[in-house]
There are 2 protein chains.
Amino acid sequence: MSHSQAGLGAAHASSRAAILDLIRASGTISRVELTRATGLTAATISTVVRRLIDDGLVLEVGRAESTGGKPRMLLELDPLARYAVGVHLDHAGITYVIANLGGAIVARWKRPGAGSDDPREVVARIGGEIAATVARVGVDPARLLGLGVVSPGPISAFTGMTLTPPVMQAWTEFPLAAALEDAVGLPVLLDNDATAAAIGEYWSGGITSGAAFAALYMGTGIGAGIIVDGTVYRGSSSNAGEVGHICVDLDGPPCWCGSVGCVEALAGPAAVVAAARDAGVELPGRGVSEDFAVLARAAARGEEQPMRILRRSARYVGVAAQTLANVLDLELVVLTGPAFALAGSLYVPEVERRLAQSFFARGSHPVRVAISTNAPEAAAVGAAALVLQSELAPRQAGMRMPERSLEVPTGT
Amino acid sequence: MSHSQAGLGAAHASSRAAILDLIRASGTISRVELTRATGLTAATISTVVRRLIDDGLVLEVGRAESTGGKPRMLLELDPLARYAVGVHLDHAGITYVIANLGGAIVARWKRPGAGSDDPREVVARIGGEIAATVARVGVDPARLLGLGVVSPGPISAFTGMTLTPPVMQAWTEFPLAAALEDAVGLPVLLDNDATAAAIGEYWSGGITSGAAFAALYMGTGIGAGIIVDGTVYRGSSSNAGEVGHICVDLDGPPCWCGSVGCVEALAGPAAVVAAARDAGVELPGRGVSEDFAVLARAAARGEEQPMRILRRSARYVGVAAQTLANVLDLELVVLTGPAFALAGSLYVPEVERRLAQSFFARGSHPVRVAISTNAPEAAAVGAAALVLQSELAPRQAGMRMPERSLEVPTGT
DNA sequence: GTGGCATTCTTAAGCAAGTGAACAAAGTAA
DNA sequence: TTACTTTGTTCACTTGCTTAAGAATGCCAC
């Protein structure tokens with residue numbers, strides 16, 4: 001299984017990526033619409049699309065209604081053309097996902113977490129898991145684009161492809177990506193959970209390609225992945241979107257990050273569980289995620305105390321969303337991750353309310369709020385989408401030049 | 001005075017812009033360094049630089065030390081090659097600036113504000129002011145690239161080139177840009193003060209081209225301009241950076257924007273002045289900006305009450321800076337605008353302290369804090385820089401493709 | 001049907017940005 | 001002086017894209 005087998009030539013790299021991304025975002029689209037959307041000429045679209053069809057990535061799926069002349073040929077991504085594997089490493093467990101080009105989940109399974117095992121052993125185990133499932137579900141290995149691996153917390157940009165604390169101290173100096181590339185025989189990408197979840201949402205959530213949106217991810221902590229114009233915004237050291245550690249109360253409680261009044265310290269799962277325990281709610285006490293799940297279920301049943309505690313958390317999450325929206329002028333905030341998967345029905349209305357009432361540019365446009373369709377496995381799905389994105393649409397930025405450089409930017 | 005006269009061909013548009021930007025950022029640089037920094041080949045650099053020299057934008061200013069072979073030829077921007085006019089419209093007054101390519105101020109003057117005059121009259125007045133001063137200081141009109149106009153508050157993206165409330169209600173439906181283009185005979189750009197201040201800082205502050213940084217602007221309100229990789233981040237409706245209206249206190253005072261606990265409502269000039277008056281500090285009462293100036297001077301003299309009030313404001317500004325830095329993973333925050341020009345010595349240490357102690361990724365890299373060298377006229381200088389940027393470096397985004405697409409991003 | 005006509009899509013010639021390779025230029029080291 | 005190193009330019013060639021022409025495929029009037 002070679003790396004380049006499923007790879008694609010660099011020809012037409014940027015337009016190819018943009019066109020592919022538009023096809024993905026639209027679901028179904030014609031060449032004519034692509035010319036309008038990209039600003040390229042019909043001739044270029046024709047040749048690039050021809051190439052995409054020859055590569056098997058795109059299918060012609062019928063004709064549109066005629067508008068007086070030759071009817072347009074409709075194009076779609078071939079969801080079965082390529083696949084990617086996504087892995088979410090967490091102390092709670094390892095979640096695996098195999099996704100296809102359409103962002104649909106082909107296989108999904110869970111295994112116990114790495115614990116304190118030797119990294120090399122864990123890598124071998126992961127390799128075995130993937131090989132076995134790929135064979136079992138009958139995915140052609142030649143169509144596997146790569147493996148995305150995601151974990152909470154920042155990825156080390158310096159030591160090259162290793163995970164850093166806070167979560168998995170044993171792994172600090174282990175060259176995870178290289179080891180996995182050897183074990184799995186696929187290119188490997190690392191990233192953090194929130195960023196991956198954002199790309200996952202972008203890829204499988206049918207989000208329009210020009211949008212500025214953020215995925216608020218609540219798992220162990222609270223983070224956000226930011227996507228602008230189809231590319232991840234990473235900031236200067238890949239630590240952008242740390243919305244869990246913005247201060248919303250100068251006199252708030254201390255946070256593990258060293259600051260006080262952080263959103264995470266006030267509204268994160270650990271804080272919620274602690275507040276519930278202080279309030280006398282009975283919880284199993286076998287870890288924060290399980291306790292949070294119990295609490296969320298109690299709130300869903302309408303129990304007073306749990307609802308009150310989660311609503312308080314939701315208020316702060318709303319502030320985090322509002323902050324993101326004000327700073328980045330977002331169109332959309334997606335709530336995702338295990339915590340919102342469990343308690344989304346409580347959080348969504350509160351976040352919606354806050355954005356409707358307090359988003360600064362609300363007069364100009366609203367900020368939509370949505371809950372991810374894959375919230376529980378968002379990180380793993382995102383890990384797979386990371387690979388799809390980087391292999392199929394590694395574009396730098398938008399490709400339209402403004403018609404004239406000296407004009408007021410006319411954002412939507 | 002035609003528009004295209006000083007314009008530049010679109011040839012080599014993107015690399016040309018990137019190279020020009022690198023020369024600007026470095027001050028002095030050689031072709032070899034440009035090849036390294038851009039990733040382009042020596043051949044390309046050679047031809048593009050040749051063109052820049054032919055256009056008169058760049059000068060060869062001597063040789064570097066030999067490193068064993070032919071010494072490098074050093075390149076610099078010719079600051080006198082082009083000029084731009086910047087205008088800052090505010091109710092307090094109209095500030096004019098003529099800046100050269102180096103971002104240096106060639107002329108600077110102030111006139112009373114527009115008041116309730118007829119927009120057409122004001123436009124004529126502005127045109128006269130500019131023509132007179134251009135003639136007086138001896139700037140060759142053919143070298144004038146354009147006119148940047150800046151005002152507080154958002155720019156209307158819909159009605160096309162007009163100012164919107166909150167500030168200048170009379171101007172809502174007036175086609176300012178078109179009218180000014182006619183009156184001045186130059187291309188006109190509109191933007192808001194914070195964004196312009198950020199570009200101004202980028203252009204004249206010698207900021208490295210790859211940086212992610214924000215300019216915190218405190219004038220009438222509090223806003224921020226965000227620059228990533230040499231381009232303004234505007235968000236989906238050009239309202240990004242509204243850091244004055246992030247919530248830092250859920251139970252805080254109401255803000256004119258309709259929310260509560262906004263940074264601006266707690267720490268903006270109006271809030272500071274109001275707090276001072278409540279505390280019994282004597283102020284002239286002829287407008288917020290003058291009252292703020294009196295207060296800042298009193299604090300600079302060491303008066304207890306004013307210092308206490310400004311420090312409280314500085315704490316919130318620190319939180320705003322921290323929020324920006326956490327969300328965007330910034331390397332640098334520049335404080336600018338009239339308010340920081342007056343009271344920067346009080347605000348800078350507080351913001352520095354907060355970022356050093358509470359920026360989430362402080363383990364990875366620090367966030368530098370600086371005060372603008374042009375803080376009082378930052379908006380007007382930025383207006384001029386807006387023109388320089390858009391005429392000379394209208395690039396879309398960074399131009400380096402990663403060596404290999406499947407790798408962890410290795411931000412600095 | 002058959003010939004307009006509109007629209008979509010493809011093909012062919014040409015332009016321009018960028019590359020690789022050869023070479024010219026300007027210094028240092030023996 | 002000769003050899004070597006580094007810098008900078010020239011030139012043939014690739015490639016992404018455009019313009020222009022034409023082919024394909026529908027509708028509609030007759």
Side-chain angles (χ1 to χ4, degrees), chain A residues 8-20 22-23 28-55 58-75 394-401 403, chain B residues 8-20 22-23 28-55 58-75 394-401 403:
Chain A
L8 309 157
H12 288 240
S14 59
S15 351
R16 180 193 168 101
I19 290 168
L20 202 59
L22 277 166
I23 299 175
T28 305
I29 196 170
S30 68
R31 288 179 181 78
V32 180
E33 292 165 282
L34 285 174
T35 55
R36 296 224 186 90
T38 57
L40 298 169
T41 58
T44 308
I45 297 291
S46 181
T47 57
V48 174
V49 167
R50 169 90 276 130
R51 205 102 136 228
L52 290 171
I53 292 174
D54 289 347
D55 287 344
V58 168
L59 295 174
E60 294 187 324
V61 293
R63 306 165 136 48
E65 292 279 290
S66 167
T67 60
K70 176 175 174 177
R72 305 168 179 184
M73 194 62 100
L74 296 176
L75 306 168
R395 59 203 197 131
Q396 292 297 84
M399 55 171 315
R400 292 186 84 168
M401 286 292 279
E403 280 83 74
Chain B
L8 309 156
H12 288 240
S14 60
S15 352
R16 180 192 167 101
I19 291 169
L20 203 58
L22 276 166
I23 298 175
T28 305
I29 196 170
S30 68
R31 289 179 180 78
V32 180
E33 291 164 283
L34 285 174
T35 55
R36 297 225 184 89
T38 57
L40 298 169
T41 57
T44 308
I45 297 291
S46 182
T47 59
V48 175
V49 167
R50 168 89 278 129
R51 205 101 134 232
L52 290 172
I53 291 173
D54 288 347
D55 286 343
V58 168
L59 296 174
E60 293 188 322
V61 295
R63 303 163 139 52
E65 291 279 290
S66 167
T67 61
K70 176 176 174 176
R72 307 169 178 184
M73 194 62 99
L74 295 177
L75 305 168
R395 56 202 197 132
Q396 291 298 83
M399 55 168 318
R400 293 186 83 168
M401 286 292 279
E403 280 83 73

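Keep in mind that what you see is a predicted model, and the values were worked out from it rather than measured.
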OP1 or OP2 of dG18(C) under 4.0 Å from side-chain N/O of T41(B): no
CA sep, side-chain torsions, deciding dist, call: R72(B), R31(B), side chain to side chain contact (heavy atoms under 4.5 Å, CB included): CA-CA 7 Å; R72(B) 307 169 178 184; R31(B) 289 179 180 78; over 6 Å; no
Length of the CZ-C1' vector between R31(A) and dC17(D), whole Å: 17 Å
First encountered from the 5' end of DNA chain D, between K70(A) and A42(A): A42(A)
Nearest to side-chain heavy atoms of S66(A), which nucleotide of dT18(D), dG18(C), dG26(D): dG26(D)
Sugar-phosphate, base or nothing in reach of S46(A), heavy atoms under 4.0 Å: base
N-O pairing of D55(B) and R51(B) below 4.0 Å: no
Nearest heavy atoms of A37(B) and L22(B), plus distance in Å: CB-CD1, 3.8 Å
Side chains of V58(A) and L20(A) in contact at under 4.5 Å (non-hydrogen atoms): yes
d(CZ, R51(A); C1', dG16(D)) in whole Å: 9 Å
Inter-residue atom distance L40(B).CG - T35(B).OG1, 0.5 Å rounding: 8.5 Å
Nearest-Å distance for atom pair CG/P, residues L74(A) and dT25(D): 16 Å
Separation of dG16(D) P from R16(A) CZ (nearest whole Å): 11 Å
N/O (side chain, R72(A)) to phosphate O (OP1/OP2, dT8(C)) under 4.0 Å: yes
Residue met sooner reading DNA chain C from 5', once P71(A) and G68(B) are mapped to nucleotides: P71(A)
Phosphate-side-chain proximity, S30(B) and dT7(D), N/O vs OP1/OP2 below 4.0 Å: no
Upstream residue (5' side of DNA chain D) when T67(B) and G69(A) are each assigned their closest nucleotide: T67(B)
Rounded distance (Å) that lies between atom P of dT6(D) and atom CD of E33(B): 15 Å
Distance in angstrom units between R63(A) CZ and dT8(C) C1', rounded: 10 Å
Rounded distance (Å) that lies between atom P of dC17(D) and atom CD1 of I19(A): 8 Å
Atom-to-atom span, CZ of R50(A) to P of dC9(C) - whole angstrom: 12 Å
Minimum-distance nucleotide to L40(B) side chain [options: dT10(D), dT19(C), dC9(C)]: dT19(C)
